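Report on the structure given below.
Count residues from 1 along the sequence. The structure presented is a predicted model; accordingly, all values stated were derived computationally and were not measured.
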Amino acid sequence: MSAALEEYCGSIFWNASYLESPDPDLTICVERTVLVWLPLAFLWLCAPWHFTTLSPLSKLYISKQVNMVIKGYKRPLVQEDMWDLNEKDSSQAICQGFEDIMAIELKKARSSLQKKRNKPKTKDGHQNGLAKGVSQDVLVMKKEKKKKKKKKDSESEYPNSWLVPTIAKTFKGVLLESAFFKLIQDLLSFASPQLLKLMISFTQDKSSHAWTGYLYAVLLLVVAFLQSVILQQYFQRCFILGMKVRTALMAAVYKKALVVSNDSRKESTAGEIVNLMSADAQRFNDVTNFIHLLWSCPLQIALAIAFLWIELGPSVLAGLLVMVLMVPINGWLATKSRSFQMENMKFKDKRMKIVNDILNGIKVLKYYAWESSFEAQVQEIREQELKVMRKFAYLSSVSTFIFSCAPAIVSLATFAVFVSVSPDNILDAEKAFTSISLFNILRFPLAMLPQLISIMVQTAVSKKRLEKFLSGDDLDTMAIARDDMIILFSVSLDIKPGRLVAVVGAVGSGKTSLISALLGELHSLKGRINIKGSVAFVPQQAWIQNATLKDNVLFGSDVNEERYRSVVEGCALGPDLDLLPGRDQTEIGEKGINLSGGQKQRVSLARAVYSSADVYFLDDPLSAVDSHVGKHLFERVIGPKGLLKDKTRILVTHGISFLPYVDEIVVLVNGVVSEVGSYDGLRASKGAFSEFLETYGKDESTQESDFEQIDMLPEGLEPQADGSPEDIVSSTLKRENSLRHSQRHNITELYLQYLRSMGWCLVTWSFLFYFIQNVAIIGQNVWLSDWTDDSVEYFNTTYPNHIRDTRIGVFGALGVAQGFLVFLGTILLADGSISASRTLHTSLLSNILKVPMMFFDTTPSGRIVNRFAKDIFTVDEMIPMSFRSWILCLLGVLGTLFVICLATPIFTAVVVPMAVIYYFVQRFYVATSRQLRRLDSVSRSPIYSHFGETVSGLSVIRAYGHQQRFLKQNEDTIDQNLKSVYPWIVSNRWLAMRLESLGNLVVFFSALFAVISRDSLNSGLVGLSISYALNVTQTLNWLVRMTSELETNIVAVERVREYVEIKNEAPWITTNHPPDDWPTDGNIHFENYKVRYRPELELILHGITCDIQSTEKIGLVGRTGKSSLTNCLFRIIEASEGQILVDGIDISTLGLHDLRSRLTIIPQDPVLFSGTLRMNLDPFEKSSDEEIWTVLELAHLKDYVRGLPTGLQHEVSEGGENLSVGQRQLLCLARALLRKSRILILDEATAAVDLETDDLIQNTIRTEFSHCTVLTIAHRLNTILDICECVTGHGLCRIMPVYWLIALKQGCQTQFLKGRSPAQFSSSAIHCHLAK
């Protein structure tokens, strides 16, 4: 090789005498090769060439990333600034591979679980005589073990231990690549201590040549630079891996939710499933960033010990022994941490379940003034959650104490044994500081172990939860076979194609269950269902998507304008489109908030009709619409002459008037088919159905004698009081794309608010303890530097024992002091962070319950849930951790710079320019990083909103077979989120490379100045200075990472604060209290009452003036304003002019709770909450059990509740899903009866019940509320048969006796009352007033 180089250069290449010369004159050959080609080759190898290939992060690294960082610094970033995803980085590509492997692994896990279950158990009968004579104490022991075994069995009821292998096999390529880079980086980290050793030896040996020192300084820089490049490669892959794992898990949970069986679904509420998508998937994301530390930490520890052995010999075993003794302590801490974590997750789930309930039933809570009861429930769970968090934080403090002491105790034990075992063992600078730099390397794996254990523990909990959900049973699609005709074998029911079949029965008789069974939603015990062709389904409670009205009708089908127009006309949606701001392009808010109940039902029906399916399941679609609209829908759509006349239709109905026109009637009684036949056949049979018709059908038959053409006047745009015009909804939904709206607060303000929440006293003391701890670390190392000088002072003399003991004693004391100081600082910080968590959650919850109803209409619930889930999780766990790490890193960097400046004062000249560069790089990066994280947070909300929407409409999506379309939509939503996550990961690497280069320069300059000043420096100070500098790269990197993370996480405080500062509705309680028995009479007086939703919008009630006397029964009919009028009584909407007097008191002067608690409403949608039946009736526990049983009897539910195993303590599932809609409505009646109010409002309260139950309810209302003033919004005629007067009009007020309406020849009321005689109504004094 040398000969070839000499031939190439034309001169001698190398001569050994160069090493002897203090100032060697190198040959041209060396200069051309070693000094030119080798550095160029090195730079080429180290350059980030891997980023310039056509990989996903290709040209971005240099150009696009710089552009984005500059753009993010200049102005707020928006979603449009994000780069498009590569095909292989999209959620679809990620999930496909994951699902294929998951299917294989899950199959293996299921078969091993089956084998486990089938394992034969030893029976008593097979035991021999000796075994039967087992002693009593063994039996006792067995009994004690049974409980533990039972618990273990319940845990192993589902396939487990398959999720981690699935992730490992899916992403094995990235895992192996990152492992390779981590290995190289770990090995390189041990090169620096060896170079430090050479550098100290160079400063000790004054005769060595100066160029040797410069060479060592350059080598230190080169090794550090190589380390940086490889470390960034490792981190890049780890973060990408974490993101892919999170994406795969979120998609898997979503896909599972679409196919999970009802039995499995009941085990997890919507809130818990959202937690699986947010918290648990995020834990897996976090753990993949650290996964290689599982083998890297032990490897680093082993290598460090090996190098220490070379330096200090067997003395290192003393340090090793200390580490081994820490393992059992570690194990105990991990076990305790795990139990606290599991407990914490249970409380978190419980809290989120109630928050979900509150958001779903917020309108009912406001009507009943129940907010404070539910607030107390959430706060009680929150306190338990904080209690567990405090225990966990204290345990972490113990853990931090042990691992802060660990490096100090290990080095103390090693040095003490080293100098004690032999008088010949002198601790010099070379040995001490090489060992210290090795101990510093050892510090990282030792510090990471407890964090790693904690993260692994948390992930193990999440793994169990995910495995349980993802391995749950799927819906049995084989229960339905697509075949020649519909046959219900279980009930021997034969329905021919093209027929219209009505299903009738009392509340709770199983009508909806029959439809669910036909759709395959219920578990089949016996028999099977054959269905010919495709299916369309209209549920009892309409499910509306957050999309345009047209998209809701099309529901993914292709547009056929002619068919679309006929469907819109048939479903009576034409006049509604005229009223909507954007016609059919109007964006419908979440849960259809800007549509009335009737409009929602008609959109739901239009969706089914447009789908052009073969079989239609219609679950009581006519109950939520006015009777004349119901008649129109039956005639034009469902009936014998409607759009669906040639289709097979199964119609669940309570309307007797439609029964003569159906082909067949199925009568259900207690889940059993009682009778089947035609209308005439069943009447002639004189069975139960015939008696039912005799009782309830007389009036109906005359009304619906024939179908006649009528002028359709629908309910019109009736935004219920909580509704709002489309422009607000749409603009609110669309503003998600931009982040400007959430950048209201200065970042410093947010820090100050968080610190105030923690308490200034705790923060100050905590910082003080951390500061003193840092002083102790510097003191310990300066003491060690001084100690090493003894080797020069006592050279060739006996080392005095008392000096040796003093050195060891002080060194050890300073080490233990560090641990105690960190422990105290961490405890105080934990208390402060828990105080901040309590304050922020309390103010968020308290304010959310006090904001006006309009806010809930214009804000998707997913966004509010995100505040209580992700943002509170960040405040609870992420911010305290980031804050603590930030303080320690900041003090660490300042300490390092102080020590280097102390050793080589000339270094201060470099510190200033480097600090300026550092500051600007950090500012540039943090501005962009914070916005990318904010974009990530904002683009994550739609994932949860879409998921919540999917869960609530699961039966509809399954019935139409649109699972794939919704999966695609979910993937698109996740992709939008990934678009902001990818740039964030790249920006992290962009910053880290620049920062580490700065850190590497600190190492280089500290070494360089040590070489320059070697004559004036002792070896101890050189060792101290460089060993500190070697540590600074990592600390600098962590400081910026923590600054960024803290600024990113503090956004959670901003988001919480945003909701805390929303303007409240009027106060709940004021100084103006009404008398205790108010209202005594129930007189209501409207005086020129005008209302608009918002100041800039049109009036919806145009100056109403009317008197409603005590005990009068008033009916509210009309196109618009019915619900608005009732909501004004509850001050859900405030007056823009005029007043309402109740018993002479102006309601606007009262506190909302004083007002609302004295009025009673039975709302249109029967909302129930998770909890017991008793809690649903009386959350404040003011009534006795006797009173509750009395109202249940009056609500015709006593027998049903008595039949339940737990009676009043029966658990109502989320949204009351384990009760029929009719039973829910009866419970709402029982609530009203329990309140004993003098004013009652019925908002279409009997829409969801059959006529028999309706009649029972009407009788109850007649008798129990005879002394009350009753306002009724009615769809059905018999609802207002007994009322005194009717209020009609389009936002105006006409009051007249009911029978007067019959004489009117215009308006929908004519049709509503057609065919009734005045004799059918009770009349009272007639008075009429028209307000213009």
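Remark: the backbone N or O of F856 is not paired with any side-chain donor or acceptor of T859 at under 3.5 angstrom. Using modelled atom types, no side-chain atom of N1176 and backbone atom of L1227 make a donor-acceptor pair closer than 3.5 Å. For the pair E1211 (side chain) and S1170 (backbone), a donor-acceptor distance under 3.5 Å is absent. The closest donor-acceptor contact from the side chain of N970 to the backbone of I943 lies at 3.5 Å or more, if one exists at all. A donor-acceptor pair is defined here as one N or O able to donate and one able to accept, closer than 3.5 Å; no such pair exists between the side chain of R246 and the backbone of A281.
Qualifying salt bridge (Lys or Arg N to Asp or Glu O under 4.0 Å) partners for R838, counting only residues two or more places apart in sequence or in other chains: E383.
Note: K463 NZ to L470 CG = 12.0 Å, rounded to the nearest 0.5 Å. A distance of 13.0 Å separates NZ of K464 from CG of L466, quoted to the nearest 0.5 Å. Atoms CE and OH, from M853 and Y367 in turn, are 8.0 Å apart once rounded to the nearest 0.5 Å. For the atom pair OG (S846) and CD (E371), the distance works out to 10.5 Å, reported to the nearest 0.5 Å. The distance from the CG atom of L935 to the NZ atom of K979 is 12.0 Å, given to the nearest 0.5 Å. Considering CD1 of I1050 and OH of Y751, their distance stands at 5.5 Å, rounded to 0.5 Å.
Around NZ of K336, the count of heavy atoms belonging to other residues, nucleotides or ligands within 6.0 Å does not exceed 12. In the displayed structure, M1175 atom CE is contacted under 6.0 Å by more than 12 heavy atoms of other residues, nucleotides or ligands.
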**Message:** With side-chain hydrogen bond (donor to acceptor under 3.5 Å, both in side chains) as the criterion, how do S980 and D936 come out once you've worked through the C-alpha distance, each side chain's angles and the decisive distance to 0.1 Å?
**Reply:** CA-CA 5 Å; S980 52; D936 169 30; 4.6 Å; no
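Between F1169 and F374, the distance from one ring center to the other falls under 6.0 angstrom.
Residue pairs meeting the ring-ring contact (aromatic ring centres under 6.0 Å, His included) criterion with at least one partner in residues 859-883, sequence neighbours excluded, are H841-F868.
If you run side-chain hydrogen bond (donor to acceptor under 3.5 Å, both in side chains) between E385 and each of K350, R390, K348, only K348 comes through.
Taking the six-membered ring where tryptophan is involved, the planes of W984 and F239 are perpendicular, since the angle between them exceeds 60° and thus also 30°.
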